[in-house]
Amino acid sequence: MTLTGFQTEQFQHDLLYWFERNLRDLPWRKDRDPYKIWVSEIMLQQTRVDTVIPYFERFMQRFPSIDRLAEADLDDVIKQWEGLGYYSRARNLHAGVKEVQENYAGKVPDEPDKILEIKGIGPYTAGAILSIAYDKPEPAVDGNVMRVLSRILHIEDDIQKAKTRKRFEAAIREIISVENPSFFNQALMELGALICSPKSPKCEYCPVVGHCRAKKLGIQELLPVKGKAKPPKPLEMKVALLDRAGKILIRKRPEQGLLAGLWELPNVEGTVDQLLDHLHAAHHISGQIRGKRMEYQHTFSHLQWKMEVYEIEVDELDSSVGEVWVARSELDQYSFPVAFQKILAETNPTCK
DNA sequence: AAATCGTGGAG
DNA sequence: TCTCCAAGATT
């Protein structure tokens with residue numbers, strides 16, 4: 001690391017002085033309960049602060065402590081997570097608090113090696129909990145920190161690459177405030193969120209612009225270096241809307257993979273005929289197409305569902321495991337991906 | 001190392 | 001409208 005000439009102590013002072021006067025009043029900053037820090041950090045992964053706030057408030061009312069979350073049903077936890085995305089976060093968090101309950105008597109460990117073994121806690125979250133809740137001088141390198149430091153220290157490594165994070169962690173260990181690692185880490189992230197933004201960074205308001213090598217070179221807009229994401233892959237999807245005596249057929253998705261454990265309308269990747277075949281094979285339902293009800297497109301990070309929704313007339317009906325006939329008024333007891341929430345709302349006759 | 005895993009907001 | 005992307009972890 002090339003920190004020659006970098007005024008570390010002055011940087012720490014400038015950064016912390018600014019943070020103490022500009023930190024946002026966020027619900028997970030009311031105290032330093034490691035559990036709350038933990039939940040907030042998981043929710044904040046790849047998710048905006050404004051989106052997280054209402055979820056965090058509700059989650060804490062429902063699961064105020066580690067033991068309350070550990071004893072909860074996974075389906076209830078997923079329900080609280082509904083709409084937030086990346087649902088494995090909720091599953092891992094639930095598994096994680098159970099680990100803490102069993103292995104650490106319900107207390108979040110304060111050692112890197114131990115906390116890193118907990119499900120769902122990776123290098124960033126470990127460092128965040130250790131520094132924010134326990135005052136340990138550990139790096140917490142997220143996207144903000146990499147963006148800010150890439151500019152301050154003029155680091156041109158591609159932040160999409162896996163090994164790059166380690167270089168930033170090494171840099172943080174050189175410059176972190178041992179007196180206040182909690183504020184230091186939070187300040188770097190706050191600076192990235194409020195001032196040192198991805199596009200059009202507000203350098204005129206930056207408390208540490210005097211330390212910024214990229215600004216000195218006039219290349220702050222070109223950093224950090226980041227490879228382009230590849231476009232989502234289109235997927236033709238046929239969706240079945242089965243209405244029987246006011247109840248519709250839903251089913252639970254597998255416990256692993258995309259949208260794990262959430263509910264959905266029966267569907268196939270393929271043709272309408274394949275949809276009917278599937279209803280017969282998987283749900284023991286004989287039916288015929290009544291007509292196309294609607295089309296809907298939903299784009300994920302890596303997938304694009306091109307959905308066609310068909311109303312289906314049920315001729316014969318047998319029962320099957322993992323499916324439920326449910327009245328529309330009872331749908332709110334189940335967790336649905338946003339794509340199916342939209343379809344269910346659009347096709348709701350009482351709602352239009 | 002590169003893919004997988006969601007969603008809604010901003011420009 | 002479209003692209004990028006926001007306090008990443010897992011495999």
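Fair warning: this is a prediction, and the values are worked out from it, not measured in the lab. Reminder, nothing fancy here: chain letters follow the sequence lines and each chain counts from 1.
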Answer yes if the side chains of [X] and [Y] hold a donor-acceptor pair under 3.5 Å, and no otherwise.
{"X": "A/E41", "Y": "A/Y124", "result": "yes"}
{"X": "A/T347", "Y": "A/E311", "result": "no"}
{"X": "A/S65", "Y": "A/D67", "result": "yes"}

- Message: Looking at every non-hydrogen atom in both residues, tell me the closest pair between A/F336 and A/L331 and how far apart they are.
- Response: CE1-O, 3.5 Å
- Least distance between heavy atoms, A/I172 atom then A/P139 atom: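 Taking every non-hydrogen atom into account, CG2-CB, 3.6 Å.
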When the ring planes of [X] and [Y] are compared, do they come out parallel, tilted or perpendicular, using 30° and 60° as the limits?
{"X": "A/W38", "Y": "A/Y35", "answer": "perpendicular"}
{"X": "A/W263", "Y": "A/Y334", "answer": "perpendicular"}
{"X": "A/F300", "Y": "A/W305", "answer": "perpendicular"}

- Query: OP1 or OP2 of C/dC5 less than 4.0 angstrom from a side-chain nitrogen or oxygen of A/K226, does that happen here?
  - Reply: yes
- Query: Is the shortest side-chain N/O distance from A/R147 to OP1 or OP2 of C/dA6 below 4.0 Å?
  - Reply: yes
- Basic-acidic side-chain contact under 4.0 Å: A/R32, A/D135: yes
- Task: Give a yes or no on whether a salt bridge exists between A/D243 and A/R290, defined as a side-chain N under 4.0 angstrom from a carboxylate O.
- Result: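 A salt bridge is absent here (no side-chain N lies under 4.0 Å from a carboxylate O).
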- Item | Those residues of residues 111-123 of chain A lying under 4.0 Å from DNA chain B by at least one heavy atom |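 None, since no heavy atom is under 4.0 Å.
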- Near-strand residues of residues 26-43 of chain A, defined as heavy-atom separation under 4.0 angstrom from DNA chain B: none
How many whole angstroms separate atom [atom1] of [X] from atom [atom2] of [N]?
{"X": "A/D142", "N": "C/dA6", "atom1": "CG", "atom2": "P", "value": "10 Å"}
{"X": "A/K161", "N": "C/dG8", "atom1": "NZ", "atom2": "C1'", "value": "18 Å"}
{"X": "A/E169", "N": "C/dG8", "atom1": "CD", "atom2": "P", "value": "13 Å"}
{"X": "A/E221", "N": "C/dC4", "atom1": "CD", "atom2": "P", "value": "16 Å"}

- Query: Quantified in whole Å, what is the C1' atom distance between nucleotide C/dA6 and nucleotide B/dC5?
  - Reply: 15 Å
- Inter-nucleotide P distance (C/dT11, B/dG6), Å rounded: 14 Å
- Applying ring-ring contact (aromatic ring centres under 6.0 Å, His included) to A/H94 and not counting sequence neighbours gives none
- Note on the structure: Excluding A/V209, membership of its hydrophobic cluster (Ile, Leu, Val, Met, Phe, Trp, Tyr; side-chain heavy atoms within less than 4.5 Å) reads none
- Item | Residue-level proximity of residues 179-198 of chain A to DNA chain C when a heavy atom falls under 4.0 Å | A/M189, A/P198
- What is the per-nucleotide protein-contact pattern of nucleotides 4-11 of chain B, from the 5' end, where B denotes a base atom under 4.0 Å from a protein heavy atom, S denotes such proximity for sugar-phosphate atoms only, and - denotes neither? SBBBB---
- Within 6.0 Å of NZ in A/K342, more than 12 heavy atoms from elsewhere: no
